[in-house]
Amino acid sequence: MIAKYTADLKEKCGVTPDMNLLKKVTIGCGPSIYSADASTVSASDKSELETIKKRFLIGKLGLKDGPDLDKGLSDVIEQYGRSNRNKYRAVVYYLLATHFKREKAYA
């Protein structure tokens with residue numbers, strides 16, 4: 001799975017990943033990475049994006065709710081490519097952690 005995520009980060013997002021952080025983010029996703037539905041993020045599903053905001057950005061990364069979170073989430077989806085149908089959850093979480101400079105949440 002890490003190889004898929006690395007390829008997406010490099011090819012679709014233009015990012016050379018910190019492999020240690022990517023491994024930790026992937027482990028943090030748990031068994032969901034092996035489920036076809038749960039392993040990807042539907043960027044067009046507002047309830048899913050709200051869940052990511054509440055559980056990941058606020059819950060895991062410890063960010064405060066506000067318009068910056070919605071903008072950051074939108075920026076990351078844009079970086080990954082809105083038209084890209086398969087947005088891996090681990091890649092989105094990795095991009096969010098680095099976007100908000102909250103890599104230490106995985107220390």
Side-chain angles (χ1 to χ4, degrees):
M1 299 307 286
I2 300 270
K4 279 186 191 180
Y5 304 152
T6 302
D8 264 23
L9 282 163
K10 287 180 179 176
E11 296 163 14
K12 296 178 182 171
C13 306
V15 172
T16 301
D18 171 336
M19 294 308 291
N20 189 40
L21 178 61
L22 181 57
K23 284 180 189 175
K24 289 178 181 180
V25 170
T26 302
I27 290 167
C29 288
S32 69
I33 63 170
Y34 299 106
S35 164
D37 184 49
S39 68
T40 59
V41 169
S42 173
S44 60
D45 183 346
K46 291 193 185 301
S47 69
E48 180 163 12
L49 296 179
E50 192 62 29
T51 299
I52 291 171
K53 187 169 112 175
K54 288 181 180 170
R55 291 193 180 159
F56 184 71
L57 295 177
I58 296 169
K60 173 69 178 169
L61 299 185
L63 298 167
K64 299 216 183 297
D65 195 2
D68 288 351
L69 298 188
D70 293 320
K71 173 145 180 21
L73 190 51
S74 179
D75 289 350
V76 162
I77 297 299
E78 200 63 44
Q79 181 181 8
Y80 207 156
R82 286 204 184 272
S83 62
N84 173 22
R85 289 190 45 120
N86 292 316
K87 293 176 192 63
Y88 291 114
R89 184 169 306 279
V91 172
V92 170
Y93 285 9
Y94 176 92
L95 292 170
L96 286 168
T98 57
H99 176 85
F100 287 106
K101 300 188 181 349
R102 292 297 180 125
E103 297 91 335
K104 65 183 179 206
Y106 288 96

Which pairs would a plain distance check flag for residues 98-107, meaning a side-chain donor or acceptor within less than 3.5 Å of a matching protein atom at least two apart in sequence or in another chain?
| from | atom 1 | to | atom 2 | distance (Å) |
| --- | --- | --- | --- | --- |
| Thr98 | OG1 | Tyr94 | O | 3.2 |
| Thr98 | OG1 | Leu95 | O | 3.0 |
| Arg102 | NH1 | Leu61 | O | 3.0 |

Within this structure, what is the SG-CD distance for the pair Cys13 and Glu78, rounded to the nearest 0.5 Å?
11.5 Å

State plainly whether one hydrophobic cluster holds both Val25 and Ile27, where clusters connect Ile, Leu, Val, Met, Phe, Trp and Tyr through side-chain heavy atoms under 4.5 angstrom apart.
no

Please collect all salt bridge (charged side-chain N to carboxylate O under 4.0 Å, His left out) contacts where either partner lies in residues 16-43, sequence neighbours excluded, each pair once.
none

Rounding to 0.5 Å, atoms NZ (Lys4) and CD1 (Ile33) come to a distance of 9.5 Å

Test log, rule salt bridge (charged side-chain N to carboxylate O under 4.0 Å, His left out), inputs Lys71 and Asp75
CA-CA 6 Å; Lys71 173 145 180 21; Asp75 289 350; 3.0 Å; yes

About how many Å separate OH of Tyr88 and CE of Met1, when rounded to the nearest 0.5 Å?
6.0 Å

Go through the steps to decide whether Lys54 and Asp65 satisfy the test salt bridge (charged side-chain N to carboxylate O under 4.0 Å, His left out), and finish with yes or no.
CA-CA 8 Å; Lys54 288 181 180 170; Asp65 195 2; over 6 Å; no

Here the pair of heavy atoms bringing Asn86 nearest to Tyr80 is O-OH, 3.7 Å

With a 4.5 Å cut-off on side-chain heavy atoms, are Ile58 and Lys64 touching?
no

As an exercise, state the distance from CG of Leu9 to NZ of Lys12, rounded to the nearest 0.5 Å.
10.5 Å

Strictly by salt bridge (charged side-chain N to carboxylate O under 4.0 Å, His left out), give each pair with a member in residues 89-98 just once, sequence neighbours left out.
Glu48-Arg89

Once you round to the nearest 0.5 Å, how far does CD1 of Ile2 lie from CG of Leu22?
4.5 Å

Between Thr51 and Ser47, is there a donor-acceptor pair closer than 3.5 Å when you use the side chain of the first and the backbone of the second?
yes

For the side-chain contact (heavy atoms from CB on, under 4.5 Å) test, which of Ile52, Leu49, Leu63 pairs with Leu69?
Leu63

Side-chain donor/acceptor of Lys87 to backbone N/O of Arg82, under 3.5 Å:
yes

Tell me whether Ser32 contacts the main-chain N or O of Cys29 through its side chain, where contact means a donor paired with an acceptor under 3.5 Å.
yes

